[in-house]
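Notes to accompany the following structure.
One-based numbering, in listed order, for ligands and for the atoms of each.
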Amino acid sequence: MPILRIALDLPLFTLFDYTVADDVPVVVGQRVIVPFGKRQLLGVVWERGAESSLAAGRIKPVTAVLDDVPPLPAELLNLLRFCSDYYHFPLGQTVLAALPARLRSGQAVVQKTAVFYGLTPLGAGLNLAEFPARKMVQRRILARLATGGAEWSALKKLSATAGGQLKALEKLGYVTRVAGCTPLPPSPACGGGEQNTAHSFASAHALNAEQQTAVDAVLACPRYGCFLLHGITGSGKTEVYMHLMQAALRRGVQVLLLVPEINLTPQLEQYFRRRFAEVELVSLHSGLAEGARAQNWLHAQSGAARIVLGTRLAVFAPLPQLGLILVDEEHDGSFKQQDGLRYSARDVAIFRANWRGIPIVLGSATPSLESWQHASTGRYHLLSLTQRAVAHARLPNIGCIPLNQTPLYEGLSPLLIAALEQRLQRGEQSLLFLNRRGYAPVLMCTECSWVSGCPHCAGKLVLHQKDRRLRCHHCGQQQRVPLVCPSCQHPELRPIGIGTQRLEATLQARFPTARILRVDRDSTRNQGTWHAMRQQIEQGEVDILLGTQMLAKGHDFPNVTLVGVLNPDGGLYSADFRASEKLFAQLAQVAGRAGRADKAGEVLIQTAFPDHPLFRALCAHDYVAWTKVLLAERAQAGFPPFVHQVLLRAEGLQESAVYEFMHAARTAARGLNMSVEVYGVIPAALPKRANHFMAQLLVQCPSRKPLQDFIRAWKPQLDTLPSKGLRYALDIDPLGF
Ligand SMILES: [Zn+2]
Ligand SMILES: [Zn+2]
């Protein structure tokens with residue numbers, strides 16, 4: 001009997017042997033149900049063999065072989081094998097984590113393949129008036145298809161015998177199946193019979209010279225090539241993607257477009273659908289219902305979907321004809337998964353493109369330092385867009401308001417207040433950016449300096465004024481605001497610092513007639529709220545909008561002519577060496593919201609450090625100058641991109657146990673005597689969260705290979721250390737500390 005080696009969703013670095021009867025057809029990549037202890041688990045056939053190292057009597061037979069969906073293709077299995085090796089995460093867990101939840105369950109998947117029909121050129125040439133009248137159903141079908149392609153579900157409503165008659169028409173060569181015709185919106189092109197070659201590419205925009213150069217460079221690349229598309233906000237990166245996608249579709253290949261989580265909105269999806277109305281586009285993201293996600297995945301696998309638009313998890317979509325990968329906002333932190341398989345979708349995409357021998361384009365206005373460094377050493381090809389694509393559009397004026405020379409009114413400087421007033425008078429919109437939600441970050445006693453700390457975390461309880469509650473933004477703990485100080489019973493408790501709710505109240509008091517809208521996670525909690533808010537903003541029903549980073553990303557507000565930035569200084573001198581890189585990207589993005597249409601924009605940043613190189617570069621719109629500063633800093637400190645890192649994270653309820661484990665891990669690392677740099681054990685940035693103590697240990701090395709060798713030697717030692725009640729994980733190429 002053949003032996004099947006199965007990948008199972010278990011935290012073990014091994015495959016599991018099962019037998020299967022000789023006459024059961026089963027192939028690698030197929031899903032199976034197997035007994036494991038008292039449970040039945042779903043697994044994926046990884047290998048077939050004739051022998052097992054287990055004694056014959058101990059090998060159990062598989063319970064069931066699932067054939068409801070096609071087996072996972074070899075390319076995907078290879079990609080998952082690579083991820084398991086590189087991120088040192090168990091193979092079975094890697095494989096199962098990549099699958100949509102519905103395929104992970106044993107529940108059979110009913111494939112809803114929308115089958116479309118259209119007229120062939122022969123059918124289109126028929127004169128219906130001359131078509132035999134007695135063939136009524138055939139006539140009806142032909143008449144229907146003459147108005148455009150139709151799904152089988154629509155045709156079968158024409159008659160009870162539609163199925164048979166349709167087959168007859170197919171045989172006669174009048175009608176043909178049309179693969180990958182998008183169900184939305186009905187398009188006349190579906191009737192032509194040439195759907196897969198004729199992309200009308202709705203409302204194609206002409207490219208400027210820089211955009212054309214970028215498109216030409218990628219199109220001239222017949223094999224793997226990684227392109228870094230560096231374009232300032234508004235320079236038309238999307239248009240470059242569009243033209244590349246169009247060219248790829250013409251060549252008959254599939255396209256994968258990855259976007260950050262927060263950017264993938266139904267609007268973006270609709271936008272791409274409209275531009276590529278003739279082909280099937282599916283989206284893949286965690287917000288989809290289980291069934292829809294499984295269907296979209298299967299459409300990608302069958303080749304019916306020509307474009308896959310998705311967030312990081314879409315990098316694992318099976319795409320048999322994949323010919324182009326685009327990663328928009330490649331610097332965005334959401335491409336990195338922060339638990340389980342801690343992969344970077346951007347990095348996995350690059351590996352995938354390389355392995356397949358196809359071009360990949362990473363786009364950003366503020367590329368990550370890693371990508372920028374690769375572009376400057378020639379590993380990636382740099383493509384620059386330096387002009388705003390919209391005619392007449394100018395870059396906003398960015399200036400700093402030095403905080404140490406100005407009195408503040410509830411966090412607002414007179415200059416910013418005056419600028420807001422001016423916009424109100426002109427009937428233009430303003431945007432205030434404050435990346436801190438709640439009313440005030442902490443409540444303090446004026447008498448004894450008691451502060452509202454979270455009982456379960458190292459963080460503070462944030463004051464939410466509206467419902468008079470204190471909330472922990474880390475663990476969700478909440479309580480009523482105390483009437484007196486819990487420590488000294490003094491009646492005066494003062495909110496310290498400013499959150500978006502407090503700013504909203506301040507603005508309302510200062511500008512009583514202005515229409516003010518706050519956008520943060522609290523105000524957009526209900527589904528659809530953010531969508532409704534965007535419409536309000538677009539229709540000019542808002543004068544001042546204020547909010548957190550939700551406002552910074554991916555949304556165009558053409559009437560905003562003033563952007564004010566409050567309190568950005570925390571990112572300048574953070575313990576996380578990437579904080580200032582992230583801050584620059586964020587501020588450049590939020591500044592890009594100002595003056596996108598025909599109106600010039602102004603950006604005012606309130607800071608205590610107006611001479612900091614970050615602000616100087618930002619005001620000069622000089623990303624390149626900023627990267628020089630950052631790269632020099634990183635080179636001197638010996639940080640990425642000049643080294644590669646692995647971070648061991650551990651957490652547990654008992655502080656001493658966490659640190660004992662970490663110190664033992666460090667001793668083991670040093671004992672290996674390999675050419676890596678082992679740092680000391682330190683508390684995590686938030687040392688305690690939801691009663692769990694968290695510590696970390698960093699190991700780094702100038703090149704990847706010795707670091708990987710080290711991890712391979714170190715990991716088995718970690719697994720033998722006493723770790724009862726602890727959770728630990730290796731984070732390869734960590735982004736947050
Ligand atoms: Zn007190
Ligand atoms: Zn907490």
Item to check | Closer than 2.8 Å to the Zn ion (ligand 1) - protein N, O or S atoms, ordered by chain and residue number | outcome: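 Per the 2.8 Å query on the Zn ion (ligand 1), atoms found are Cys445 SG, Cys448 SG, Cys485 SG, Cys488 SG.
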Checklist entry - Can you tell me if Ser334 uses its side chain to pair, donor with acceptor, with the backbone of Pro260 under 3.5 Å? => result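 Not confirmed, Ser334 side chain does not pair with Pro260 backbone.
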Next on the checklist: Please evaluate residues Asp9 and Arg104 with respect to the criterion salt bridge (charged side-chain N to carboxylate O under 4.0 Å, His left out), reporting the C-alpha separation (whole Å), side-chain torsions for both, the decisive distance (0.1 Å), and the verdict.
Outcome noted: CA-CA 9 Å; Asp9 193 359; Arg104 267 195 315 253; 5.5 Å; no
Checklist entry - When the aromatic ring centroids of Tyr343 and Tyr86 are compared, is their separation below 6.0 Å? => result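 Tyr343 vs Tyr86: aromatic centres not under 6.0 Å.
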Next on the checklist: What verdict does the side-chain contact (heavy atoms from CB on, under 4.5 Å) test give for Ser574 and Ser580, after you've listed the backbone C-alpha separation in whole Å, the side-chain angles of each residue and the deciding distance to 0.1 Å?
Outcome noted: CA-CA 8 Å; Ser574 161; Ser580 62; over 6 Å; no
Checklist entry - With a 3.5 Å cut-off and no angle check, do the side chains of Thr311 and Glu261 form a donor-acceptor pair? => result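 No, because no side-chain N or O of Thr311 sits under 3.5 Å from a partner of the opposite role on Glu261.
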Next on the checklist: Which residue in the set Phe615, Trp372, Phe584 passes ring-ring contact (aromatic ring centres under 6.0 Å, His included) when paired with Trp626?
Outcome noted: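 Of the listed residues Phe615, Trp372, Phe584, the ring-ring contact (aromatic ring centres under 6.0 Å, His included) partner of Trp626 is Phe584.
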Next on the checklist: Let's test this: below 2.8 Å, count the protein N/O/S atoms around the Zn ion (ligand 2).
Outcome noted: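 Step by step: take the Zn ion (ligand 2), keep protein N, O, S below 2.8 Å, and you get 4.
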Item to check | Pairwise ring-ring contact (aromatic ring centres under 6.0 Å, His included) hits with a residue in residues 431-457, at least two apart | outcome: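 Residue pairs passing ring-ring contact (aromatic ring centres under 6.0 Å, His included), neighbours aside: none found.
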Checklist entry - If you look only at pairs with a residue in residues 463-512, which of them pass as a ring-ring contact (aromatic ring centres under 6.0 Å, His included), with sequence neighbours excluded? => result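 Every pair satisfying ring-ring contact (aromatic ring centres under 6.0 Å, His included) with a residue in residues 463-512: His464-His473.
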Next on the checklist: Run Cys445 and Cys488 through side-chain contact (heavy atoms from CB on, under 4.5 Å) and show every step you take.
Outcome noted: CA-CA 9 Å; Cys445 170; Cys488 74; 3.7 Å; yes
